A.B. asks: 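The following block contains the structure, expressed as structure tokens.
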Amino acid sequence: MTSLPPAIALIGISKAFGPVKANKDVSLTIAAGSIHGIVGENGAGKSTLMSILYGFYEADSGEIRVRGEPRRIRSSSDAIAAGIGMVHQHFMLVEPLSVVENIVLGAEGGALLKGGIAKARVELARLSQEYGLAIDPDAIVGELSVGLQQRVEILKALYRGAEVLILDEPTAVLTPAEADQLFELLRALKAQGKTVILITHKLREIMAVTDRVSVMRRGEMVAHVETNRTSPAELAEAMVGRRVLLRVEKSPRQRGAPVLEAAGLTVIDERGCETLRDASLTLHEGEIVGIAGVAGNGQSELLDVLAGLTQPARGVIRLGGKILNAADRNPANLRRLGLMHIPEDRLRTGLVTAFAAAENAILGYHDDPAFGRGPFLSPTLIEQHARAGMQDYDVRPVDPGLKTAKFSGGNQQKIVLAREIERAPKVLLVGQPTRGVDIGAIEFIHRRLIALRDAGVAILLVSVELEEVMALSDRILALCGGQITGEREATTTDERDLGLLMAGVSERAA
Amino acid sequence: MSAAPIDLPRWADTALVPLVSVAAALVVAGLVVLSIGESPLEATALLLKGSLGSLEGLGFTLYYTTNFIFTGLAVAVAFHAGLFNIGGEGQATIAGIFAAIACLWLAPLPGILLVPLAILAAAAGGALWAFIPGYLQATRGSHVVITTIMFNFIAATLIVYLLVEVMGKTGSMQPETPDFPKQAVLTPIHELLGAFGLKLPSTPLNTSFLLALASLVAVWALIYRSRLGYAIRTVGANPRAAAYAGISPARIIMVAMAISGALAGGLAVNEAMGVQHRLVLDFTAGYGFVGIAVALMGRGHPVGVSLAALLFGVLYQGGAELSFDKPTITRDMVVVIGGIVILFAGALDGLFRRLVATLLSSVARKPA
């Protein structure tokens with residue numbers, strides 16, 4: 001095996017999007033005929049790296065070598081020509097077409113379909129036999145299960161002559177049984193000498209199927225290890241990292257009565273997957289409860305369901321001791337009851353970027369009589385309100401008439417913060433309060449949240465920054481795969497402990 | 001990659017881009033005129049003289065403008081909610097039927113009651129015809145572009161049936177209702193001003209023009225000054241943020257469509273109650289579709305809509321005069337010119353936005 005040149009070698013790849021460095025001097029060698037895992041939290045730069053390899057982006061610097069030879073890959077057709085195939089997390093299939101029609105798509109070989117289809121049919125039969133992939137070539141793709149659709153994607157790549165197959169979070173949409181079938185297939189591919197790159201943040205999969213694993217954190221490669229010489233705990237630690245502890249001054253909590261209680265919350269998405277399973281939690285006055293978890297493990301669903309943006313399939317929510325029935329659980333009513341929400345995605349959810357800052361300062365409160373008379377709004381009153389909030393929260397520039405899209409990320413976040421906090425919430429749901437926010441603003445936002453807690457507000461904090469969760473929270477719940485996997489007092493836990501909970505390594509096994 | 005929205009200063013967005021579009025349209029229209037051997041300059045002069053050069057021409061121009069204000073506002077209100085209502089024709093048709101029923105059934109009422117009731121009936125008819133596609137979009141996901149077009153056809157056949165079989169004038173072969181009672185007729189402007197001693201030539205311009213002006217102000221207040229308008233704009237700009245803010249996008253879609261249809265009903269008020277004094281077939285005459293171009297050119301803002309409506313009024317009236325004076329420039333040729341303006345101002349709007357943005361940024365860079 002060592003005599004073969006590596007299937008892929010990435011040398012010193014860097015890529016920046018504006019000020020954000022998505023990949024910093026990343027090097028990676030993938031042995032031919034192996035299954036190589038790449039793990040890391042969301043936003044660690046895995047997908048960017050693979051997009052560079054597949055020609056979606058071009059690296060700012062660095063080199064790609066395929067089977068030892070330097071290649072320039074500027075488009076996905078370059079990648080396909082170099083023998084690289086990719087299976088995206090969201091399938092690129094034409095649902096009303098049949099399997100064989102999808103396979104030839106983009107490689108029809110002439111104006112008439114007949115020849116290409118016939119050829120593909122033969123090839124498909126061969127591939128199916130070789131890898132033990134049972135699939136009906138005339139089945140309509142839209143009628144196939146998700147697992148089978150993924151097979152079609154893999155066959156599509158193989159039909160185009162892929163020697164290296166990239167799978168981006170392939171199990172995100174699969175049931176555990178389907179995932180096991182996928183792993184069987186990957187092993188069969190490996191046995192035939194193909195190379196597989198598996199991108200995931202699920203450590204179970206890495207341990208189950210890969211030969212080697214590389215860990216990315218904040219755009220950098222931090223570890224390359226043989227899978228059989230590592231453990232989920234070690235990988236979890238490498239993913240999360242030992243960071244310099246963020247210091248936030250806070251007094252001991254003055255915990256009050258429970259305000260928000262949720263029991264047995266289960267959320268089922270459109271695909272029928274349980275994205276949140278049987279989650280129970282209680283928020284007390286005057287405390288910050290943090291949610292630790294790798295992004296995509298149910299945090300967003302938890303926030304949305306508590307904020308009334310989605311309805312749970314099962315479970316009970318109590319606010320101030322009173323059970324909220326389905327009719328009460330809408331954002332407008334919850335706001336009236338004192339439950340405010342700083343959403344995770346301020347640009348898509350928390351703000352209307354086409355509006356002036358002043359108009360966003362009343363988003364969700366446009367029916368408040370304080371902002372006008374009768375059915376009308378008063379621009380003067382709205383502007384005064386917005387200006388006061390902007391001054392109080394140090395939004396720069398203090399220009400209520402400026403279009404919201406023109407403010408920096410930190411200032412946009414402060415506009416949302418000012419709006420929600422100034423309404424004197426009883427419960428505040430906070431998602432990613434400092435994502436894309438500069439350091440000065442981070443401190444400011446943290447101080448505000450602590451002050452709010454000291455004033456007796458119950459705060460639920462969701463953040464991908466474990467550091468932030470640990471620094472701000474009084475109590476921490478870990479989420480993994482939509483389930484709450486553990487609860488810790490902030491003073492009695494550390495990153496290693498939480499990392500294990502976040503990786504779903506059960507407390508019994510640890 | 002989808003094209004990123006082009007950021008322009010407000011003045012460039014609201015004034016410069018439409019002006020460039022109209023200028024380009026005029027150049028191309030000029031070439032068309034030149035190609036049939038006529039002088040574009042002379043044609044332009046005739047067009048302007050015919051539409052603005054006399055009180056009579058002006059009266060006709062403003063009469064057309066009235067129609068365009070109503071249909072342009074109708075499209076604009078739906079735009080703000082992120083909806084493309086292209087059913088102005090059908091909505092105006094149903095509005096006409098409702099207005100005719102009100103005028104004929106409530107004939108014994110005095111004008112002071114009958115006129116407002118008939119106008120309300122027209123608005124209700126238009127609103128109903130737009131509400132149904134809105135309801136289907138909100139609850140079933142049926143796209144309003146498709147359903148409003150279909151509703152145009154339904155309305156067009158419905159009015160034929162009603163005028164021929166049900167509401168038609170007895171003993172007449174014409175597909176039209178009997179004349180409305182005298183007190184249901186909207187006062188012509190020349191009679192209104194005549195009462196104050198001003199002598200004006202007789203034109204179709206009537207008090208529905210004042211209703212159109214009032215609608216401009218009302219739509220401005222609705223969209224930019226009211227709580228409902230805020231909700232409408234939020235849904236149009238970012239439905240996710242609207243849901244987060246506790247605004248129901250489904251409800252807003254239905255409400256915005258109903259308001260849009262009610263405004264389209266203004267076309268029926270002008271045509272049936274103001275000009276024809278009875279309901280005739282095909283009174284909508286494409287005004288509903290031109291309303292789309294008016295709203296696009298006017299950037300959905302009532303001030304822009306009023307200017308674009310005036311421009312199309314000038315084109316309609318001036319074009320009619322032009323084809324009268326220059327037999328080589330036929331009615332059809334005038335339609336071509338109008339079509340070019342619609343094409344440039346509406347469909348090719350993005351083209352000039354990009355051009356203007358490039359020009360502006362290069363100008364901005366140079367002085368430094």
Side-chain angles (χ1 to χ4, degrees), chain A residues 56-57 303-304 307-310 329-337 339-356 358-369 371-382 401-406 416 419-420 429 431, chain B residues 1-14 76-77 79-82 138 141 217-252 255-256 258-259 299-302 353 357 361 364:
Chain A
F56 280 141
Y57 305 132
L303 277 182
D304 282 356
L309 289 170
T310 54
R329 285 191 303 251
N330 65 72
N333 186 52
L334 290 173
R335 275 199 184 86
R336 272 192 291 277
L337 296 174
L339 184 142
M340 312 300 174
H341 177 201
I342 296 168
E344 289 187 286
D345 189 339
R346 58 176 171 264
L347 293 182
R348 285 172 62 211
T349 312
L351 293 167
V352 181
T353 48
F355 280 7
E359 289 178 298
N360 269 309
I362 63 162
L363 186 68
Y365 307 99
H366 66 282
D367 282 331
D368 188 327
F371 297 131
R373 195 180 293 173
F376 292 103
L377 289 165
S378 155
T380 326
L381 290 175
I382 293 172
L402 189 65
K403 210 165 118 180
T404 311
K406 304 221 161 159
V416 178
R419 181 181 73 209
E420 301 301 322
L429 309 174
Chain B
M1 291 280 277
S2 63
I6 302 164
D7 236 355
L8 284 175
R10 212 179 131 84
W11 62 271
D13 186 52
T14 50
V77 166
F79 259 166
H80 282 288
V217 178
V219 167
W220 174 82
L222 168 75
I223 295 296
Y224 297 103
R225 286 290 180 271
S226 80
R227 299 181 199 269
L228 177 60
Y230 180 89
I232 288 176
R233 285 185 295 128
T234 306
V235 169
N238 186 345
R240 270 173 68 110
Y244 159 79
I247 298 164
S248 156
R251 195 185 136 255
I252 292 299
V255 170
I259 294 171
R299 292 281 175 281
H301 194 286
R353 286 181 67 80
S361 62

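Residue numbers start from 1 in every chain, and the chains themselves are labelled A, B, ... in the order their sequence lines are given, proteins ahead of strands. Please read these numbers as outputs of a predicted model, since none were measured by experiment.
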A.B. asks: Taking all non-hydrogen atoms of both residues, which atom of A/Leu351 and which atom of B/Asn238 are closest, and how far apart?
C.D. replies: O-ND2, 3.1 Å
A.B. asks: For residues 218-235 of chain B, which residue pairs qualify under side chain to side chain donor-acceptor pair (under 3.5 Å), counting only residues two or more places apart or in two chains?
C.D. replies: A/Glu359-B/Arg233
A.B. asks: Which bit of B/Ala242 is near chain A, if near means a heavy-atom gap under 4.5 Å: side chain, backbone, both or neither?
C.D. replies: neither
A.B. asks: Among A/Ile362, A/Leu334, A/Ile382, A/Asn330, who wins on heavy-atom pairs under 4.5 Å with chain B?
C.D. replies: A/Ile362
A.B. asks: What part of A/Arg419 gets within 4.5 angstrom of chain B, counting heavy atoms only: side chain, backbone, both, or neither?
C.D. replies: side chain
A.B. asks: Not counting sequence neighbours, which residues clear ring-ring contact (aromatic ring centres under 6.0 Å, His included) with A/Tyr365? List them please.
C.D. replies: none
A.B. asks: On the ring face of B/Tyr244, is A/Arg335 found with NZ or CZ under 6.0 Å from the centre and within 45° of the axis?
C.D. replies: yes
A.B. asks: Does any heavy atom of chain B fall under 4.5 Å from the side chain of A/Asp367, the backbone, both, or neither of them?
C.D. replies: both
A.B. asks: How long is the span from the CG atom in B/Leu222 to the CZ atom in A/Phe376, to the nearest 0.5 Å?
C.D. replies: 8.0 Å
A.B. asks: Is chain B contacted by the side chain of A/Leu309, its backbone, both, or neither, given a heavy-atom distance below 4.5 Å?
C.D. replies: side chain
A.B. asks: Can you name the nearest heavy-atom pair linking A/Pro331 to B/Ala243, along with the distance?
C.D. replies: CG-O, 3.3 Å
